[in-house]
Amino acid sequence: MKKKPVVYQVFTRLFGNQNTNRIANGSIEQNGVGKLNDFDEEVLARIKDMGVTHIWFTGIIRHASQTDYSAYNIPCQHPDVVKGRAGSPYAITDYYDVDPDLAVNVDDRMKEWEQLIGRTHRAGMKVIMDFVPNHVARQYHSVCKPEGVYDLGQNDNADMHFSVNNNFYYCWGQPLDLADITSQTTYQECPAKATGNDQFSARPSRNDWYETVKLNYGIDYCDAGGRSEHFTPIPDTWSKMTDILLFWAQKGVDGFRCDMAEMVPTSFWHWATDKVKFIYPDKIFIGEVYDPSQYRNYLAAGFDYLYDKVGMYDCVRDVICGRRPASDITAQWQQTDDIRDHMLYFLENHDEQRIASDFFAGNAWKGLPGLLVSALLMKNPLMVYAGQEVGEKGMDAEGFSGTDGRTTIFDYWTVDSIRREFFDRRRLKQDERKLLDLYRKVMRMANEEKGFCEGATFDLMYVNPHLADRQFAFLRKAGTDVILVVANFDDLPVSANINIPAHAFEFLQIPQRQFNAVDLLTGEKTQGILSADSPLTVAVPSNGGCVLKMIL
């Protein structure tokens, strides 16, 4: 059977950390840190057992940190341009290096990463890593670049705001002003480089990505006529960033999750993905793109999958929280119907609030109907964030990352639910075990059932207006497999009468007759008659669903 990608995102620094101190703003010595070697054969087997096909190891490349590794000839970073003690994994300091926090032996950090790639492959899964193309840390300096490679900014003319030969943008001799960040600082940068979130003044605010600088791909954002493109000759940044992709591709990674891909021009992506896929045709590119009007442009530029955030994620979240009717889900998949197989569905990632947090649903179980829709509606990929499957709340006040419903990406920390799930399973709570069991069933059936990984979809909402507010129903069909999915977003169980129109029987080529069926979630067996003349009645639990596989 054709497999659909089921991506499991792990925040590598946190995942294996078993130090339970959890001191706000704690150092690595106080709070500890997870290692690449924590992903041993047993841990990888448990991840694979959930139905995972790809692991996205977040935060592999060396980034700005307040931890001192100067004894290993790794440059220190000024604390005023680092967010948190551990730092953001999206403030890259050396594109050719592995984060030393993650290594048991710092000098062997690249070797330990290569060994993890090999272990993951032997466990039957593929490896995704971050590629951060839009911005770098303010004190970017590669000490691991291959011989003959020029550093980013090494040959820049800092007297020019913009030049196609520059890697950065500069603020015409003005020093960087961090007055909105800190009352006093000894950090000096003159001229100031433009900040990563397209802030072209010398004085970024606390809400800007002030710890990063914007990379120049040949677009002048501030010329007299407004934004203008300068792609001939090929900008220097294009060549350098493509070489970085090729460097990691030859290490054996299977794909790249490209951070803020839409802030980098599609012309570059056309050029870079073509060069990578010419040598490595099976490498995949996942793009963080939030503008639906640009989806097709980025797919045409070589991306295999794109975040469906502002469409499906926002919609399903609102349905879970009771702010929108379930029938709105139909409009979301219809907007991307022509590119449906390329949209990545998810309910959590490192940028979003945890389902169980007080800022989202307040209860992980309320996310189950959303999981059924995200995992089973289409053939496109699903992504799950580590801890989601056991109801991680993300309500810790870790330090730089306050109590915001997200798991920190800036601090040294341990996530207790993940520690219990993978490293101290005896302490898993009963509720966590039950939730994990349901996630495992759904994630596995997404690929084990031909109806889901290969089947056609038929949305039943237009003939079931009585379901429109809190239930969502659809059919999947492949060969002789017919599966009815009813997701119930309500806090109360329902006995739902599901109308199946004559067009569904024609479109899916389903016979109208008596059937035997099994609910793939509960194992319960039932019988019924499949007919366009009378509805099919199914019992659906609160905040859950029914996945009825019919034998016709």
Side-chain angles (χ1 to χ4, degrees), residues 1-9 45 47-56 120-121 123-128 254-255 282-286 299 303-308 312-313 316 329 332-333 336-347 368-385 388-389 437-460 472-487 504 507-510 517-523 545-552:
M1 291 189 298
K2 180 182 178 182
K3 293 281 188 179
K4 72 180 288 178
V6 177
V7 180
Y8 189 66
Q9 182 191 5
I47 294 174
K48 177 70 163 59
D49 185 59
M50 288 191 291
V52 172
T53 62
H54 296 67
I55 304 182
W56 166 17
T120 306
H121 287 163
M125 294 174 289
K126 295 185 177 182
V127 173
I128 304 294
D254 301 286
D282 295 329
K283 304 299 182 189
I284 66 171
F285 286 79
I286 301 172
L299 289 174
F303 280 92
D304 299 276
Y305 307 110
L306 302 177
Y307 274 34
D308 198 332
M312 189 58 76
Y313 167 85
V316 173
I329 294 170
Q332 299 309 317
W333 72 255
T336 56
D337 192 30
D338 60 315
I339 53 173
R340 60 164 71 179
D341 290 349
H342 300 282
M343 304 310 297
L344 175 72
Y345 288 172
F346 59 88
L347 291 174
L368 271 175
L371 175 69
L372 292 175
V373 170
S374 301
L376 306 180
L377 178 60
M378 300 293 179
K379 293 180 284 187
N380 59 316
L382 169 73
M383 182 167 70
V384 172
Y385 188 26
Q388 176 182 339
E389 69 277 11
D437 182 59
L438 280 171
Y439 263 82
R440 184 187 293 112
K441 285 181 178 179
V442 174
M443 292 165 66
R444 290 178 66 166
M445 74 174 68
N447 268 321
E448 291 178 353
E449 293 293 335
K450 189 175 181 179
F452 292 131
C453 60
E454 294 185 4
T457 299
F458 194 96
D459 189 327
L460 295 170
F472 188 81
F474 56 94
L475 287 169
R476 298 296 305 273
K477 165 71 160 47
T480 58
D481 292 352
V482 179
I483 307 175
L484 171 67
V485 180
V486 184
F507 177 75
L508 298 175
Q509 297 183 322
I510 302 173
V518 59
D519 187 335
L520 297 176
L521 288 177
T522 65
C546 174
V547 182
L548 204 63
K549 182 178 181 180
M550 304 177 195
I551 303 171
L552 299 173

Engineer: Test E389 against every option in D437, V442, V384 by the side chain to side chain contact (heavy atoms under 4.5 Å, CB included) rule and name the one that passes.
Structural biologist: V384
Engineer: Please list all pairs meeting salt bridge (charged side-chain N to carboxylate O under 4.0 Å, His left out) that have one or both residues in residues 472-486, counting only residues at least two apart or in different chains.
Structural biologist: none
Engineer: Can you measure from CZ (F452) to OG1 (T457) and round to the nearest 0.5 angstrom?
Structural biologist: 9.5 Å
Engineer: Is there side-chain contact between M125 and Y8, with heavy atoms separated by less than 4.5 Å?
Structural biologist: no
Engineer: Just wondering, do L552 and V482 contact through their side chains at under 4.5 Å, heavy atoms?
Structural biologist: yes
Engineer: Looking at every non-hydrogen atom in both residues, tell me the closest pair between A446 and A375 and how far apart they are.
Structural biologist: CB-O, 4.0 Å
Engineer: What do you reckon, is NZ of K441 surrounded by more than 12 foreign heavy atoms closer than 6.0 Å?
Structural biologist: yes
Engineer: Check D337, D338, T336 against R340 for a side-chain hydrogen bond (donor to acceptor under 3.5 Å, both in side chains) and give me the one that passes.
Structural biologist: D337
Engineer: Do L377 and M312 have side chains that approach each other closer than 4.5 Å (heavy atoms only, starting at C-beta)?
Structural biologist: yes
Engineer: Distance check, rounded to the nearest 0.5 Å: L372 atom CG versus M445 atom CE?
Structural biologist: 7.5 Å
Engineer: Let me confirm one number: the NE2-CG distance from H342 to D304, rounded to the nearest 0.5 Å.
Structural biologist: 8.0 Å
Engineer: Just verifying a value: how many Å separate L376 CG and E449 CD, rounded to the nearest 0.5 Å?
Structural biologist: 10.0 Å
Engineer: For the residue pair L299 and Y305, what are the closest heavy atoms and their distance?
Structural biologist: CD2-N, 4.5 Å
Engineer: Would you say Y307 and I286 make side-chain contact, with heavy atoms under 4.5 Å?
Structural biologist: yes
Engineer: Keeping the roles fixed (side chain from Q9, backbone from W56), state whether a donor-acceptor pair exists under 3.5 Å.
Structural biologist: no
Engineer: Could you report the tightest heavy-atom contact between V6 and N447, atom names first, then the distance?
Structural biologist: CG2-ND2, 3.8 Å
Engineer: Rounded to the nearest 0.5 Å, how far does OG1 of T120 lie from NE2 of H54?
Structural biologist: 12.0 Å
Engineer: Which atom names give the shortest non-hydrogen contact between A456 and F507, and what distance separates them?
Structural biologist: CB-CE2, 4.5 Å
Engineer: Using side-chain heavy atoms (C-beta onward) and a distance below 4.5 Å, is V486 in contact with L460?
Structural biologist: no
Engineer: Backbone N or O of F474 within a donor-acceptor pair of the D459 side chain at under 3.5 Å?
Structural biologist: no
Engineer: Does the side chain of M378 come within less than 4.5 Å of D341's, by heavy atoms?
Structural biologist: no
Engineer: For the residue pair K549 and V518, establish whether any side-chain heavy-atom pair is separated by less than 4.5 Å.
Structural biologist: yes
Engineer: For P381 and M343, work out which heavy atoms get closest and say how close.
Structural biologist: CD-O, 3.6 Å
Engineer: Could you tell me whether a side-chain N or O of D519 sits under 3.5 Å from a main-chain N or O of L548, the two making a donor and an acceptor?
Structural biologist: no
Engineer: Side chains of D282 and D254, heavy atoms from C-beta outward: is any pair under 4.5 Å?
Structural biologist: no
Engineer: Looking at every heavy atom in both K4 and K379, which two are closest together, and how far apart are they?
Structural biologist: CB-O, 3.4 Å
Engineer: With rounding to the nearest 0.5 Å, note down the distance linking CG in L368 to OH in Y439.
Structural biologist: 6.0 Å
